[in-house]
Amino acid sequence: MSDYDPQELEARWRERWAETGRYEADPADAPDDEETTFITVPYPYPSGGMHIGHARTYTVPDVYARYRRQQGDNVLFPMGWHVTGTPIIGAVERLKKGEETQLSVLKDTYNVPEDTLEELETPMGFARHFIEQHYKQGMKSLGLSVDWRREFTTNDDRYSKFITWQYETLKDRGLLEKGLHPVKYCTNERQPVTTHDLLEGETAEYQEYTLVRFSFERDGETVVAPMATLRPETVHGVTNAYIDPDAEYVVADVNGESWFVSAEAAEKLRLQAYEVAVHETVSGEELVGARVTNPITDDEVLVLPASFVDADNATGVVMSVPAHSPDDFVALQEAKADTERLQQYGIDPAEVTAIDPIPILEIEDYGEIPAQVAVESRGIESSDDPALAEATKELYNTEFHSGAMLDMYGEYSGEIVEDIRDQFRDDYRDSGAFDTMYEFSEEVICRCGGDVVVAEQDTWFLRYNDEAWKAKTKEVVDGMDAIPENTRGEYDHTIDWLNEWPCIRNYGLGTRLPWDTDFVIEPLSDSTIYMSYYTVAHRLQDVPVDELSREFFDTLFYGAEATDDPDERALELREEWDYWYPVNYRFSANDLISNHLTFYLFHHAELFDQPNWPQGIVVMGMGLLEGEKMSSSKGHVVLPGTAIEKYGADTVRFFLLNSAEPWQDYDWRDDQVESVRNQLDRFWNRAQELINGPEGDEELTHIDHWLLSKLQDTVESVTESMETSETRSASQAAFYGFEENLRWYRRRTDTERPGARWTLRKVLETRLRLLAPFVPFMANELHEQLTGTAAEDAPWPDVDESLIRPDVELQERQIERLTDDVHDIVGVTETDPDVVRVYVAADWKREVFDVVARQRLAARQTPSDDVADAGDDVGAVMGRVMQNPDLREKGNEVNQLVQDLVDVTRGQDDDSVDAMAEMDEYATYEETTEFLAREFDADVELYVEGEDAYDPGDRASAAVPFRPAIHIE
RNA sequence: GCGAGGGUGGCUGAGCUAGGCCAAAAGCGGCGGGCUUAAGACCCGCUUCCGUAGGGAUUCGCGAGUUCAAAUCUCGUCCCUCGCACCA
């Protein structure tokens with residue numbers, strides 16, 4: 001008998017799998033494509049090493065793959081490498097610059113040897129290192145059943161040909177369009193930057209300001225003073241405007257008109273695709289005291305000086321809506337009070353005093369002037385009051401969700417702001433009264449130290465806002481399996497919400513935009529249909545790159561009719577594509593629903609026919625390490641290699657799959673992993689005993705039938721869980737759940753008995769097959785030792801109906817109950833009994849039970865809305881019982897008993913009640929006395945209540961059917 | 001703000017979709033006992049409170065409701081986590 005040595009046995013199996021190409025899947029293995037399973041995971045992005053958090057992402061699908069194989073499917077589980085975009089390039093640059101944290105991540109966290117660092121100084125060298133030394137090695141160590149012949153990187157020439165085909169096709173179908181799009185732009189480096197390039201403001205959001213085109217006369221010319229606002233619908237409530245008198249403004253030619261904006265704003269507008277030529281630089285003071293005309297109402301309003309206006313935000317000119325903005329309300333009050341300042345700017349204070357707030361919408365509990373109520377109810381008296389910001393936030397919020405527009409809004413009157421804001425803005429933008437400008441919600445600074453602003457750049461984007469495309473994608477969602485089911489709504493929501501998506505970048509690895517090679521197709525856009533590429537990747541190597549034309553892929557994916565002169569090789573490949581597709585399940589991370597996974601659905605909906613649409617997606621949660629987020633820069637990671645060395649791959653796998661369901665977050669805790677290892681050790685040792693011990697023979701007793709019956713339960717529930725990728729429930733049931741049964745079994749019987757031997761070996765064999773997807777190394781090894789074949793080559797167990805024994809299970813439940821009861825009594829009384837007396841209920845009590853059971857049966861056959869209630873109807877039972885004169889005599893005693901028995905059967909299913917009706921209690925306990933005697937080291941005496949039972953404790957009368965009375969002394 | 005998911009006994013975490021067998025699985029931790037030269041290994045039992053008879057009391061964020069019956073259903077409320085775009 002050998003000890004459990006995972007390192008040795010796992011190495012042996014890895015070698016065997018590699019040598020025999022065990023997981024290389026070909027159509028020839030099983031020509032009927034009804035029995036194929038094709039599963040994918042997002043290909044890893046090797047911009048760093050693999051840690052234990054990644055390990056589960058790839059192990060969950062492996063478990064499913066192994067399960068389907070045992071179910072008889074030909075299973076394809078491929079792997080590739082995503083290198084598109086900038087992260088790898090960025091990592092290489094940081095390495096070349098000798099950046100400290102980067103060096104530490106590489107050397108300390110991922111153990112890159114000093115003399116290897118140089119190899120990492122090219123992007124693909126960097127990627128190659130982590131692919132080979134980390135991901136691939138980690139995956140092989142974990143025992144992932146991947147078909148390695150099909151791997152590729154997204155920077156490969158052939159892959160690029162494939163992406164080229166995809167984007168040319170999309171362009172032809174009108175789903176790719178050129179246009180302007182807001183991007184983050186560093187004013188120092190004069191180029192677009194990504195979130196990773198930022199020093200500050202990583203969480204900044206784009207805010208779309210509406211510019212309300214107020215205007216005034218200047219030197220006989222009409223000049224536009226665009227007021228920036230996030231609440232365009234308040235335009236009827238404008239009473240005045242504010243400008244910073246001390247800031248620098250310009251008069252500029254903007255798209256052929258004259259505009260008055262802050263100097264910063266002119267630059268931003270230029271970046272946002274306005275034609276801007278600055279004519280004149282002026283002080284903000286120039287506009288103070290001027291009257292500007294509201295383009296919607298034609299009202300003229302006064303421009304007041306205000307130091308709170310930020311010239312570096314939007315246009316530097318703002319409109320004032322004192323009725324609905326607490327800020328504006330307070331500002332106006334302060335302006336009115338400071339007559340001296342007004343006079344200094346040549347403004348008649350009386351004119352300002354005359355300004356009254358103009359209400360434009362109505363909300364409950366806020367009176368006529370909501371801003372006034374908001375300010376005064378909080379006792380705010382000055383613009384310095386911190387409560388003002390809170391008042392503003394709350395009022396804006398309330399107005400947005402429940403503010404109803406007043407009469408001056410014509411067709412919009414009575415409508416809620418939330419419902420009409422966008423429409424209102426669009427209408428006036430179309431009519432020329434409004435313009436648009438983008439601004440960040442907070443300050444954004446580049447790593448180079450430069451200011452980052454919103455720029456609009458000419459770009460190509462995918463038209464995810466196309467209604468027909470959205471509709472088709474929703475059909476994909478409707479037809480697929482979303483696991484867990486509650487994610488389905490998220491896909492629909494994302495489809496609704498998704499807008500145009502810029503799909504190119506200025507630099508990075510990947511595929512060039514075919515018709516404009518200055519640009520690269522970005523990572524989320526070159527990873528939408530690559531699952532189809534796996535089906536032919538290995539065989540595509542035989543076709544010269546140059547010959548992978550548009551027509552080639554058209555033939556491959558759309559058939560011989562798609563082109564005039566179909567390529568024979570493409571037609572051959574098409575057969576394999578056809579064989580594997582569609583993807584049965586894609587396993588991915590839950591935060592990818594809002595982009596990658598939904599893109600995946602979009603592109604499949606468009607490019608492939610319905611039979612090739614995704615069949616299912618399983619979404620996964622993320623991993624924590626000792627309760628904290630993993631972080632490679634902090635070195636807070638566990639590498640798979642380290643963990644496998646310490647515990648063995650099976651332990652690592654089992655922990656990852658058993659600690660939480662795939663879609664739940666899980667926490668890698670050393671003590672828990674350690675404990676899993678101990679459990680596997682124990683399992684191994686027990687198995688060894690059985691394998692090396694006598695085979696026994698099939699002379700089965702009651703308890704053997706019980707265990708085999710329980711085994712069928714387990715097979716059924718494990719299978720059910722596997723079907724929906726519930727790896728936790730499945731492994732829990734197959735492993736821990738069944739251990740519970742074994743514990744009881746060992747207590748109940750002599751396991752050296754030949755029948756027990758036979759039973760335990762049978763149970764072991766079945767469990768090894770159930771566990772093979774989870775702990776393939778150990779399960780295969782033990783199964784082979786036991787039967788001569790590996791578990792993965794044995795079929796998945798079926799439920800054997802003939803072994804399901806409800807009667808035996810019920811009897812065993814009663815025995816356990818009786819044992820527990822005796823234990824309870826021993827515990828409470830703190831006695832060590834010499835004798836245990838058990839009294840089975842008298843026959844007449846059993847008759848009453850039969851009436852209860854019959855009543856249940858009768859109720860079941862009577863269609864009724866509340867079958868359960870009718871079956872438990874105490875009155876009906878009493879009626880029947882009282883028809884028996886012998887029972888009627890017992891009066892109250894019977895009444896109480898019926899109550900008790902109805903309680904006993906309530907909540908039991910019909911089969912259980914049937915089994916109870918059939919059960920012979922006395923006989924059951926009679927066979928148990930020996931066990932009880934052993935269990936309590938006492939004499940056990942069994943009596944029937946009455947019938948001259950020896951009853952020194954006067955307890956026999958307490959007996960109830962299925963609840964025998966007990967006396968110990 | 002918008003969208004999604006949660007709050008269960010010392011911790012992790014089932015159960016809650018089909019209310020009753022739920023004082024509430026399992027693992028960890030803790031306690032006691034056994035095995036052993038010994039052990040972080042293994043085996044058995046206990047681990048809300050009360051109780052010298054298998055029982056009772058109070059629990060599943062908080063408050064209210066529906067019901068014979070609620071961790072499970074309804075409403076309200078507080079709190080937490082995640083995603084929100086050009087970033088893989």
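So you know, we letter chains A, B, ... as the sequences are listed, proteins then strands, and number each from 1. Please read all numbers here as calculations on a predicted model, not as lab measurements.
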Problem set entry | Proximal nucleotide (of A4(B), C28(B), A85(B)) relative to the Glu490(A) side chain | A4(B)

For this session: Starting from the 5' end of RNA chain B, give me the residue, Glu740(A) or Ile825(A), whose nearest nucleotide shows up first.
Result: Glu740(A)

For this session: May I ask which nucleotide in the shown strands pairs with G3(B), Watson-Crick or G-U wobble, both distances under 3.5 Å?
Result: C82(B)

Problem set entry | Pairwise C1' distance for G19(B) and U74(B), with rounding to whole Å | 13 Å

For this session: Would you kindly give the CH2-to-C1' distance between Trp684(A) and A41(B), to the nearest whole Å?
Result: 17 Å

For this session: State which of A85(B), C28(B), G54(B) makes the closest approach to the side chain of Arg963(A).
Result: G54(B)

Exercise. Quick one: Gln732(A) CD to G15(B) P, roughly how many Å, whole number?
Worked result: 11 Å

Problem set entry | Distance below 4.0 Å between Asn595(A) side-chain N/O and A85(B) OP1 or OP2 | no

Problem set entry | Asp422(A) CG - C2(B) C1' separation (whole Å) | 13 Å

Problem set entry | Options C28(B), G3(B), G83(B), nucleotide nearest the side-chain atoms of Ser594(A) | G83(B)

Exercise. Nearest-Å distance, CG (Asp670(A)) to P (C28(B))?
Worked result: 15 Å

For this session: Measure from the side chain of Gln664(A), starting at C-beta and using heavy atoms only, and say which of G13(B), G54(B), A85(B) lies closest.
Result: G13(B)

Exercise. Tyr736(A) has a side chain; which of A26(B), G83(B), C84(B) sits nearest to it?
Worked result: A26(B)

For this session: Would you kindly give the CD1-to-C1' distance between Ile495(A) and A85(B), to the nearest whole Å?
Result: 16 Å

Exercise. Taking only N and O in the side chain of Arg686(A), is any of them less than 4.0 Å away from OP1 or OP2 of C43(B)?
Worked result: yes

Problem set entry | Stepwise salt bridge (charged side-chain N to carboxylate O under 4.0 Å, His left out) check, Arg728(A) with Glu661(A) | CA-CA 5 Å; Arg728(A) 178 185 153 88; Glu661(A) 297 294 3; 5.1 Å; no

Exercise. Is it true that the side chains of His967(A) and Arg955(A) contain a donor and an acceptor less than 3.5 Å apart?
Worked result: no

Exercise. Roughly how far apart, to the nearest Å, are U12(B) and G6(B) at atom C1'?
Worked result: 15 Å

Exercise. Within the modelled atom types, does a donor on one side and an acceptor on the other bring the side chain of Asp821(A) and the base of G54(B) under 3.5 Å apart?
Worked result: yes

Exercise. What is the distance from atom CD of Glu490(A) to atom OG of Ser594(A), rounded to the nearest 0.5 Å?
Worked result: 8.0 Å

For this session: Looking only at side-chain atoms of Ile966(A), point me to the closest of A85(B), G54(B), G45(B).
Result: G54(B)

Problem set entry | Arg682(A) side-chain N/O to G27(B) phosphate OP1/OP2 under 4.0 Å | no

Exercise. Is there a side-chain contact between Thr459(A) and Trp501(A), using heavy atoms and a 4.5 Å cut-off?
Worked result: no

Exercise. Does C28(B) have OP1 or OP2 sitting under 4.0 Å from an N or O in the side chain of Ser675(A)?
Worked result: yes

For this session: State whether Arg677(A) places a side-chain N or O below 4.0 Å from either non-bridging phosphate oxygen (OP1 or OP2) of A41(B).
Result: no

For this session: Kindly indicate whether the side chain of Arg728(A) and the base of A25(B) share any N or O donor-acceptor pair separated by less than 3.5 Å?
Result: yes

For this session: Answer with base, sugar-phosphate or nothing: what part of the nucleic acid does Asn658(A) contact at a heavy-atom distance below 4.0 Å?
Result: nothing

Exercise. Looking at Tyr647(A), Phe683(A), Trp684(A), which one forms a ring pair (Phe, Tyr, Trp, His ring centres under 6.0 Å) with Tyr4(A)?
Worked result: Trp684(A)

Exercise. Just wondering, do Glu809(A) and Asp713(A) contact through their side chains at under 4.5 Å, heavy atoms?
Worked result: yes

Problem set entry | Sugar-phosphate only, base, or nothing, as touched by Ile968(A) at under 4.0 Å among non-hydrogen atoms | base

Seminar exercise, completed: Paired to U36(B) by Watson-Crick or G-U wobble criteria (both distances under 3.5 Å) is none

Exercise. Base, sugar-phosphate alone, or nothing: which one does Pro833(A) contact when heavy atoms must sit under 4.0 Å apart?
Worked result: nothing

For this session: Give the rounded distance in Å between these two atoms: CD1 of Ile593(A) and P of C82(B).
Result: 16 Å

Problem set entry | Complementary nucleotide for A70(B) - Watson-Crick or wobble, under 3.5 Å | none

For this session: Assign Ala660(A) to base, sugar-phosphate, or nothing according to its heavy-atom contacts below 4.0 angstrom with the strands shown.
Result: nothing

Exercise. Which base sits across from C60(B) as a Watson-Crick or G-U pair, both distances under 3.5 Å?
Worked result: none

For this session: Could you check whether Leu818(A) gets within reach of a base, just the sugar-phosphate, or nothing at all, counting any heavy atom under 4.0 Å?
Result: nothing

Exercise. To the nearest angstrom, how far is Tyr666(A) atom OH from G27(B) atom P?
Worked result: 22 Å

Exercise. Would Tyr530(A) and His82(A) count as a close aromatic pair, with their ring centres under 6.0 Å?
Worked result: no

Exercise. Phosphate oxygens OP1/OP2 of C28(B): is one of them under 4.0 Å from a side-chain N or O of Arg669(A)?
Worked result: no

For this session: Among C28(B), A53(B), A25(B), find the nucleotide with the atom closest to the side chain of Gln672(A).
Result: C28(B)

Exercise. Using a cut-off of 4.0 Å on non-hydrogen atoms, how would the nucleic acid contact of Pro502(A) be classed: base, sugar-phosphate, or nothing?
Worked result: base

Seminar exercise, completed: Tightest non-hydrogen contact, residues Arg677(A) and Lys646(A), listed as NH1-O, 4.2 Å

Problem set entry | Whichever of Asp665(A) and Thr84(A) has its nearest RNA chain B nucleotide further upstream toward 5' | Asp665(A)

For this session: Specify the separation, in whole Å, of atom CG of Asn741(A) and atom C1' of A26(B).
Result: 13 Å

Problem set entry | Pairwise P distance for C78(B) and A57(B), with rounding to whole Å | 35 Å

Exercise. Taking the side chain of Asp671(A) as its heavy atoms from C-beta onward, which of A26(B), A85(B), C28(B) lies nearest to it?
Worked result: C28(B)

Exercise. Within the structure shown, what part of the strands sits under 4.0 Å from His967(A) by heavy-atom distance: base, sugar-phosphate, or nothing?
Worked result: base

Exercise. Watson-Crick or G-U wobble partner for A14(B), using a 3.5 Å limit on both distances?
Worked result: none

